[in-house]
Amino acid sequence: MNISLTVWLLTIAALCALVGADFLIGRKPHDVSLKEAGVWTVVWVVLACLFGLGLFFYGGSGPTGEFFAGYITEKSLSVDNLFVFVLIMGKFAVPSQYQQRVLMVGVLVALVLRAGFIAAGAAIISTFSWVFYLFGAFLIWTAWKLVQDARKGHGNDEYEENKLLKIAERRFGVADRYHGTKLFITENGKRIMTPMLVVMLAIGSTDVLFALDSIPAIYGLTQDPYIVFTANAFALMGLRQLYFLIGGLLKKLVHLSYGLSVILGFIGVKLVLHALHESGVHVPQISIPFSLGFIVLVLAVTTFTSLWAARAADEEPAVKS
(Lines give C-alpha, C1' and ligand atoms only; values in the text may rest on other atoms or scores of the structure.)
Protein backbone atom coordinates (compact mmCIF):
# COMPACT_ATOMS: atom_id res chain seq x y z
CA MET A 1 0.00 0.00 0.00
CA ASN A 2 1.03 3.57 -0.57
CA ILE A 3 0.86 4.92 2.98
CA SER A 4 1.34 8.66 3.31
CA LEU A 5 3.26 10.29 6.14
CA THR A 6 -0.03 11.67 7.47
CA VAL A 7 -1.53 8.18 7.82
CA TRP A 8 1.63 6.96 9.54
CA LEU A 9 1.51 9.83 12.02
CA LEU A 10 -2.21 9.37 12.68
CA THR A 11 -1.71 5.63 13.23
CA ILE A 12 1.15 6.19 15.67
CA ALA A 13 -0.88 8.88 17.47
CA ALA A 14 -3.87 6.52 17.75
CA LEU A 15 -1.67 3.72 19.11
CA CYS A 16 -0.10 6.12 21.62
CA ALA A 17 -3.59 7.19 22.72
CA LEU A 18 -4.60 3.55 23.22
CA VAL A 19 -1.44 2.84 25.21
CA GLY A 20 -2.04 5.99 27.29
CA ALA A 21 -5.62 4.98 28.02
CA ASP A 22 -4.48 1.48 28.96
CA PHE A 23 -1.84 2.95 31.27
CA LEU A 24 -4.32 5.29 32.97
CA ILE A 25 -6.85 2.52 33.52
CA GLY A 26 -4.25 0.21 35.05
CA ARG A 27 -2.13 2.89 36.76
CA LYS A 28 -3.08 1.74 40.28
CA PRO A 29 -1.15 -1.42 41.27
CA HIS A 30 -3.56 -4.31 41.86
CA ASP A 31 -4.01 -8.01 41.29
CA VAL A 32 -5.55 -8.54 37.86
CA SER A 33 -8.64 -10.74 37.99
CA LEU A 34 -9.51 -13.32 35.36
CA LYS A 35 -12.58 -11.26 34.40
CA GLU A 36 -10.56 -8.06 33.91
CA ALA A 37 -7.93 -9.86 31.84
CA GLY A 38 -10.64 -11.53 29.73
CA VAL A 39 -12.50 -8.28 29.04
CA TRP A 40 -9.37 -6.41 27.97
CA THR A 41 -8.12 -9.31 25.88
CA VAL A 42 -11.40 -9.21 23.95
CA VAL A 43 -11.11 -5.42 23.63
CA TRP A 44 -7.64 -5.65 22.03
CA VAL A 45 -8.72 -8.44 19.69
CA VAL A 46 -11.79 -6.45 18.63
CA LEU A 47 -9.63 -3.36 18.01
CA ALA A 48 -7.30 -5.45 15.84
CA CYS A 49 -10.28 -6.80 13.88
CA LEU A 50 -11.67 -3.29 13.39
CA PHE A 51 -8.29 -2.13 12.13
CA GLY A 52 -8.20 -5.06 9.71
CA LEU A 53 -11.68 -4.11 8.52
CA GLY A 54 -10.45 -0.55 7.98
CA LEU A 55 -7.61 -1.92 5.85
CA PHE A 56 -10.18 -3.73 3.73
CA PHE A 57 -11.93 -0.46 2.85
CA TYR A 58 -8.60 1.35 2.42
CA GLY A 59 -6.57 -1.17 0.45
CA GLY A 60 -8.77 -4.16 -0.36
CA SER A 61 -8.66 -7.83 0.55
CA GLY A 62 -4.93 -8.26 -0.11
CA PRO A 63 -3.60 -6.02 2.69
CA THR A 64 -6.37 -7.25 5.00
CA GLY A 65 -5.33 -10.87 4.52
CA GLU A 66 -1.69 -9.96 5.05
CA PHE A 67 -2.53 -8.09 8.27
CA PHE A 68 -4.55 -10.92 9.79
CA ALA A 69 -1.96 -13.53 8.76
CA GLY A 70 0.76 -11.40 10.33
CA TYR A 71 -1.30 -10.58 13.41
CA ILE A 72 -2.18 -14.22 14.12
CA THR A 73 1.43 -15.29 13.58
CA GLU A 74 2.79 -12.58 15.86
CA LYS A 75 0.12 -13.33 18.46
CA SER A 76 0.94 -17.03 18.48
CA LEU A 77 4.67 -16.32 18.72
CA SER A 78 4.02 -13.89 21.59
CA VAL A 79 2.29 -16.65 23.54
CA ASP A 80 5.63 -18.47 23.52
CA ASN A 81 7.14 -15.30 25.00
CA LEU A 82 4.82 -15.67 27.97
CA PHE A 83 6.67 -18.80 29.09
CA VAL A 84 9.80 -16.69 29.49
CA PHE A 85 7.85 -13.86 31.14
CA VAL A 86 6.64 -16.33 33.78
CA LEU A 87 10.26 -17.35 34.43
CA ILE A 88 11.33 -13.70 34.70
CA MET A 89 8.55 -12.88 37.16
CA GLY A 90 9.59 -15.84 39.29
CA LYS A 91 13.31 -15.03 39.02
CA PHE A 92 12.82 -11.49 40.35
CA ALA A 93 9.99 -12.45 42.75
CA VAL A 94 7.72 -9.70 41.40
CA PRO A 95 4.77 -9.07 43.78
CA SER A 96 1.49 -9.95 42.05
CA GLN A 97 0.09 -6.41 42.36
CA TYR A 98 3.06 -4.98 40.41
CA GLN A 99 3.15 -7.53 37.60
CA GLN A 100 0.79 -5.64 35.31
CA ARG A 101 2.92 -2.46 35.60
CA VAL A 102 6.05 -4.45 34.79
CA LEU A 103 4.44 -5.99 31.72
CA MET A 104 2.94 -2.69 30.58
CA VAL A 105 6.25 -0.82 30.55
CA GLY A 106 8.24 -3.85 29.37
CA VAL A 107 5.96 -4.39 26.39
CA LEU A 108 6.06 -0.66 25.56
CA VAL A 109 9.86 -0.77 25.53
CA ALA A 110 9.71 -3.85 23.31
CA LEU A 111 7.33 -2.12 20.88
CA VAL A 112 9.66 0.88 20.51
CA LEU A 113 12.68 -1.36 19.96
CA ARG A 114 10.79 -3.56 17.49
CA ALA A 115 9.97 -0.48 15.43
CA GLY A 116 13.70 -0.15 14.86
CA PHE A 117 13.93 -3.79 13.75
CA ILE A 118 11.01 -3.29 11.37
CA ALA A 119 12.54 -0.16 9.83
CA ALA A 120 15.89 -1.92 9.42
CA GLY A 121 14.20 -4.94 7.85
CA ALA A 122 12.33 -2.76 5.37
CA ALA A 123 15.52 -0.95 4.38
CA ILE A 124 17.45 -4.20 3.90
CA ILE A 125 14.67 -5.82 1.85
CA SER A 126 14.34 -2.80 -0.44
CA THR A 127 18.10 -2.81 -1.08
CA PHE A 128 18.99 -6.51 -1.13
CA SER A 129 16.34 -8.85 -2.53
CA TRP A 130 18.56 -11.88 -1.78
CA VAL A 131 18.02 -11.27 1.95
CA PHE A 132 14.86 -13.43 1.62
CA TYR A 133 17.17 -16.43 1.25
CA LEU A 134 18.77 -15.55 4.59
CA PHE A 135 15.42 -14.91 6.29
CA GLY A 136 14.05 -18.19 4.97
CA ALA A 137 17.08 -20.22 6.02
CA PHE A 138 17.08 -18.56 9.45
CA LEU A 139 13.42 -19.37 10.03
CA ILE A 140 13.88 -23.00 8.98
CA TRP A 141 16.86 -23.26 11.35
CA THR A 142 14.81 -21.62 14.13
CA ALA A 143 11.98 -24.08 13.53
CA TRP A 144 14.40 -26.99 13.92
CA LYS A 145 15.87 -25.44 17.09
CA LEU A 146 12.37 -25.04 18.56
CA VAL A 147 11.72 -28.74 18.05
CA GLN A 148 15.01 -29.63 19.72
CA ASP A 149 14.30 -27.30 22.66
CA ALA A 150 10.82 -28.75 23.06
CA ARG A 151 12.24 -32.28 23.23
CA LYS A 152 14.67 -31.16 25.93
CA GLY A 153 11.87 -29.53 27.95
CA HIS A 154 13.03 -25.93 27.60
CA GLY A 155 9.99 -24.70 29.55
CA ASN A 156 11.63 -25.90 32.77
CA ASP A 157 14.82 -23.90 32.23
CA GLU A 158 15.65 -21.02 34.53
CA TYR A 159 15.85 -17.47 33.22
CA GLU A 160 19.39 -16.17 32.78
CA GLU A 161 20.02 -12.44 32.62
CA ASN A 162 21.54 -11.17 29.37
CA LYS A 163 24.86 -9.33 29.25
CA LEU A 164 23.34 -5.86 28.79
CA LEU A 165 21.19 -6.34 31.88
CA LYS A 166 24.20 -7.45 33.93
CA ILE A 167 26.19 -4.43 32.76
CA ALA A 168 23.36 -2.08 33.79
CA GLU A 169 23.14 -3.73 37.21
CA ARG A 170 26.90 -3.36 37.79
CA ARG A 171 26.88 0.24 36.54
CA PHE A 172 23.99 1.56 38.60
CA GLY A 173 23.56 -1.00 41.38
CA VAL A 174 20.28 -2.60 42.43
CA ALA A 175 18.28 -2.18 45.63
CA ASP A 176 17.67 -5.30 47.71
CA ARG A 177 13.87 -4.92 47.69
CA TYR A 178 10.96 -3.38 45.79
CA HIS A 179 9.98 0.22 46.60
CA GLY A 180 6.47 0.31 45.19
CA THR A 181 6.55 1.27 41.52
CA LYS A 182 9.66 3.45 41.86
CA LEU A 183 12.37 2.81 39.28
CA PHE A 184 15.23 4.56 41.08
CA ILE A 185 15.95 5.33 44.73
CA THR A 186 18.75 7.13 46.56
CA GLU A 187 20.64 4.92 48.97
CA ASN A 188 23.69 6.13 50.94
CA GLY A 189 23.85 9.16 48.67
CA LYS A 190 23.94 7.04 45.51
CA ARG A 191 21.17 6.74 42.94
CA ILE A 192 20.49 3.06 42.24
CA MET A 193 17.95 1.01 40.31
CA THR A 194 15.12 -0.85 41.95
CA PRO A 195 14.23 -4.46 41.07
CA MET A 196 11.15 -2.97 39.34
CA LEU A 197 13.29 -1.29 36.68
CA VAL A 198 15.50 -4.37 36.30
CA VAL A 199 12.57 -6.67 35.59
CA MET A 200 11.07 -4.15 33.15
CA LEU A 201 14.36 -4.08 31.24
CA ALA A 202 14.46 -7.88 31.35
CA ILE A 203 10.98 -8.13 29.81
CA GLY A 204 11.73 -5.55 27.12
CA SER A 205 15.17 -6.87 26.15
CA THR A 206 13.98 -10.49 26.13
CA ASP A 207 11.14 -9.62 23.76
CA VAL A 208 13.65 -8.02 21.39
CA LEU A 209 15.42 -11.40 21.19
CA PHE A 210 12.11 -12.97 20.20
CA ALA A 211 11.79 -10.29 17.52
CA LEU A 212 14.75 -11.90 15.74
CA ASP A 213 12.34 -14.72 14.88
CA SER A 214 9.05 -12.89 14.51
CA ILE A 215 10.16 -9.96 12.32
CA PRO A 216 11.58 -12.19 9.52
CA ALA A 217 8.50 -14.40 9.90
CA ILE A 218 6.02 -11.60 9.28
CA TYR A 219 8.13 -10.26 6.39
CA GLY A 220 7.54 -13.68 4.89
CA LEU A 221 3.82 -12.88 4.86
CA THR A 222 3.95 -9.24 3.80
CA GLN A 223 6.65 -6.80 2.71
CA ASP A 224 4.57 -3.76 3.66
CA PRO A 225 6.26 -2.02 6.65
CA TYR A 226 2.95 -0.44 7.68
CA ILE A 227 1.24 -3.83 8.01
CA VAL A 228 4.30 -5.32 9.72
CA PHE A 229 4.33 -2.52 12.29
CA THR A 230 0.60 -2.47 13.03
CA ALA A 231 0.36 -6.27 13.26
CA ASN A 232 3.23 -6.26 15.76
CA ALA A 233 1.70 -3.37 17.69
CA PHE A 234 -1.71 -5.02 18.14
CA ALA A 235 -0.13 -8.38 18.99
CA LEU A 236 2.12 -6.84 21.65
CA MET A 237 -0.36 -4.43 23.20
CA GLY A 238 -2.72 -7.25 24.15
CA LEU A 239 0.10 -9.36 25.54
CA ARG A 240 -0.19 -8.07 29.10
CA GLN A 241 -3.83 -9.08 29.48
CA LEU A 242 -3.14 -12.39 27.75
CA TYR A 243 -0.47 -13.11 30.37
CA PHE A 244 -3.02 -12.98 33.17
CA LEU A 245 -5.75 -14.69 31.15
CA ILE A 246 -3.90 -17.83 30.11
CA GLY A 247 -1.12 -17.81 32.71
CA GLY A 248 -2.54 -20.96 34.28
CA LEU A 249 -2.99 -22.63 30.89
CA LEU A 250 0.58 -22.12 29.67
CA LYS A 251 1.79 -25.35 31.25
CA LYS A 252 -0.96 -27.21 29.39
CA LEU A 253 0.11 -25.94 25.96
CA VAL A 254 2.73 -28.70 25.79
CA HIS A 255 2.73 -28.86 21.98
CA LEU A 256 2.89 -25.11 21.33
CA SER A 257 6.58 -25.13 20.42
CA TYR A 258 5.96 -27.89 17.86
CA GLY A 259 3.13 -25.86 16.31
CA LEU A 260 5.26 -22.71 16.18
CA SER A 261 8.11 -24.67 14.61
CA VAL A 262 5.75 -25.86 11.84
CA ILE A 263 4.57 -22.28 11.25
CA LEU A 264 8.10 -20.84 11.17
CA GLY A 265 9.30 -23.66 8.90
CA PHE A 266 6.33 -23.08 6.58
CA ILE A 267 7.04 -19.33 6.37
CA GLY A 268 10.74 -20.08 5.86
CA VAL A 269 9.91 -22.24 2.85
CA LYS A 270 7.55 -19.52 1.61
CA LEU A 271 10.38 -16.97 1.83
CA VAL A 272 12.80 -19.19 -0.08
CA LEU A 273 10.20 -19.75 -2.82
CA HIS A 274 9.58 -16.00 -2.98
CA ALA A 275 13.34 -15.36 -3.27
CA LEU A 276 13.63 -17.91 -6.08
CA HIS A 277 10.67 -16.31 -7.86
CA GLU A 278 12.32 -12.87 -7.55
CA SER A 279 15.47 -14.40 -9.05
CA GLY A 280 13.53 -15.50 -12.13
CA VAL A 281 13.11 -19.17 -11.19
CA HIS A 282 9.66 -20.56 -11.99
CA VAL A 283 8.47 -21.99 -8.67
CA PRO A 284 4.99 -22.15 -7.09
CA GLN A 285 4.00 -19.18 -4.93
CA ILE A 286 2.13 -19.66 -1.66
CA SER A 287 -0.84 -17.29 -1.47
CA ILE A 288 -1.83 -15.27 1.60
CA PRO A 289 -5.27 -16.98 1.94
CA PHE A 290 -3.55 -20.38 2.00
CA SER A 291 -0.96 -19.09 4.49
CA LEU A 292 -3.65 -17.69 6.77
CA GLY A 293 -5.66 -20.93 6.65
CA PHE A 294 -2.56 -23.05 7.28
CA ILE A 295 -1.48 -20.96 10.30
CA VAL A 296 -4.96 -21.07 11.87
CA LEU A 297 -5.20 -24.84 11.26
CA VAL A 298 -1.81 -25.55 12.85
CA LEU A 299 -2.66 -23.44 15.91
CA ALA A 300 -6.06 -25.15 16.27
CA VAL A 301 -4.56 -28.64 16.03
CA THR A 302 -1.71 -27.71 18.40
CA THR A 303 -4.11 -26.33 21.00
CA PHE A 304 -6.39 -29.38 20.78
CA THR A 305 -3.57 -31.91 21.05
CA SER A 306 -1.95 -29.93 23.89
CA LEU A 307 -5.12 -29.83 25.97
CA TRP A 308 -5.81 -33.50 25.21
CA ALA A 309 -2.30 -34.50 26.29
CA ALA A 310 -2.52 -32.37 29.44
CA ARG A 311 -5.87 -33.90 30.35
CA ALA A 312 -4.52 -37.42 29.80
CA ALA A 313 -1.52 -36.61 32.02
CA ASP A 314 -3.84 -35.34 34.78
CA GLU A 315 -6.00 -38.49 34.64
CA GLU A 316 -3.06 -40.91 34.58
CA PRO A 317 -2.20 -40.70 38.33
CA ALA A 318 -5.87 -41.29 39.20
CA VAL A 319 -5.92 -44.42 37.02
CA LYS A 320 -2.73 -45.77 38.60
CA SER A 321 -4.03 -45.21 42.11
Side-chain angles (χ1 to χ4, degrees), residues 1-19 44 47-78 81 107-136 138-139 142 204 207-239 263-264 267-268 270-275 277-278 285-289 291-292 295:
M1 295 187 301
N2 185 19
I3 303 298
S4 65
L5 178 61
T6 301
V7 174
W8 268 103
L9 293 176
L10 288 175
T11 301
I12 294 174
L15 291 174
C16 289
L18 290 173
V19 171
W44 284 114
L47 287 174
C49 291
L50 290 175
F51 179 82
L53 185 62
L55 280 180
F56 178 78
F57 289 106
Y58 185 86
S61 60
T64 303
E66 292 177 0
F67 170 78
F68 281 116
Y71 171 71
I72 294 172
T73 299
E74 294 298 313
K75 200 70 172 178
S76 60
L77 289 171
S78 69
N81 298 14
V107 168
L108 182 60
V109 170
L111 181 59
V112 173
L113 294 177
R114 277 201 186 197
F117 275 89
I118 293 169
I124 293 173
I125 288 172
S126 63
T127 306
F128 308 104
S129 60
W130 50 261
V131 78
F132 286 111
Y133 288 110
L134 296 181
F135 281 180
F138 177 72
L139 290 180
T142 302
D207 188 82
V208 169
L209 296 178
F210 280 103
L212 295 177
D213 301 335
S214 63
I215 298 302
I218 193 171
Y219 269 119
L221 298 168
T222 176
Q223 284 80 59
D224 192 319
Y226 182 77
I227 296 177
V228 173
F229 173 73
T230 51
N232 267 273
F234 279 107
L236 280 178
M237 288 193 298
L239 190 59
I263 292 173
L264 290 178
I267 298 176
K270 185 177 185 296
L271 276 171
V272 172
L273 291 176
H274 176 76
H277 180 78
E278 291 294 311
Q285 291 276 67
I286 301 175
S287 66
I288 288 298
S291 300
L292 179 57
I295 292 168

To the closest 0.5 Å, what do you measure between [atom1] ([X]) and [atom2] ([Y])?
{"X": "Leu9", "Y": "Cys16", "atom1": "CG", "atom2": "SG", "result": "10.5 Å"}
{"X": "Phe67", "Y": "Phe56", "atom1": "CZ", "atom2": "CZ", "result": "15.0 Å"}
{"X": "Leu10", "Y": "Ser4", "atom1": "CG", "atom2": "OG", "result": "8.0 Å"}
{"X": "Ile118", "Y": "Ile215", "atom1": "CD1", "atom2": "CD1", "result": "4.5 Å"}
{"X": "Leu292", "Y": "Ser287", "atom1": "CG", "atom2": "OG", "result": "9.5 Å"}
{"X": "Leu264", "Y": "Thr73", "atom1": "CG", "atom2": "OG1", "result": "8.5 Å"}

*Is the centre of the Tyr226 ring less than 6.0 Å from the centre of the Trp8 ring?*
yes
Looking only at non-hydrogen atoms, find the nearest pair between [X] and [Y] and report the distance.
{"X": "Phe234", "Y": "Lys75", "value": "O-NZ, 4.0 Å"}
{"X": "Ala231", "Y": "Gly70", "value": "CB-C, 4.0 Å"}
{"X": "Ile288", "Y": "Lys270", "value": "CD1-NZ, 4.4 Å"}
{"X": "Met237", "Y": "Leu111", "value": "CG-CD2, 4.5 Å"}
{"X": "Tyr58", "Y": "Val7", "value": "OH-CG2, 4.2 Å"}
{"X": "Val228", "Y": "Asn232", "value": "O-ND2, 2.9 Å"}

For the residue pair [X] and [Y], establish whether any side-chain heavy-atom pair is separated by less than 4.5 Å.
{"X": "Ile227", "Y": "Ile218", "value": "no"}
{"X": "Gln223", "Y": "His274", "value": "yes"}
{"X": "Leu77", "Y": "Ile263", "value": "no"}

*asked:* Treating Tyr219 as the side-chain partner and Asp224 as the backbone partner, does any N or O pair qualify as donor plus acceptor under 3.5 Å?
replied: no
*Do any N or O atoms from the side chain of Thr64 and from the backbone of Gly60 form a donor-acceptor pair under 3.5 angstrom?*
yes
*With a cut-off of 6.0 Å (strictly less than), are more than 12 heavy atoms of other residues, nucleotides or ligands near CZ of Phe138?*
yes
*Please state whether the rings of Phe135 and Phe132 are parallel, tilted or perpendicular, taking 30° and 60° as the class boundaries.*
perpendicular
*Which residues pass the salt bridge (Lys or Arg N to Asp or Glu O under 4.0 Å) test with Glu74, sequence neighbours left out?*
Arg114
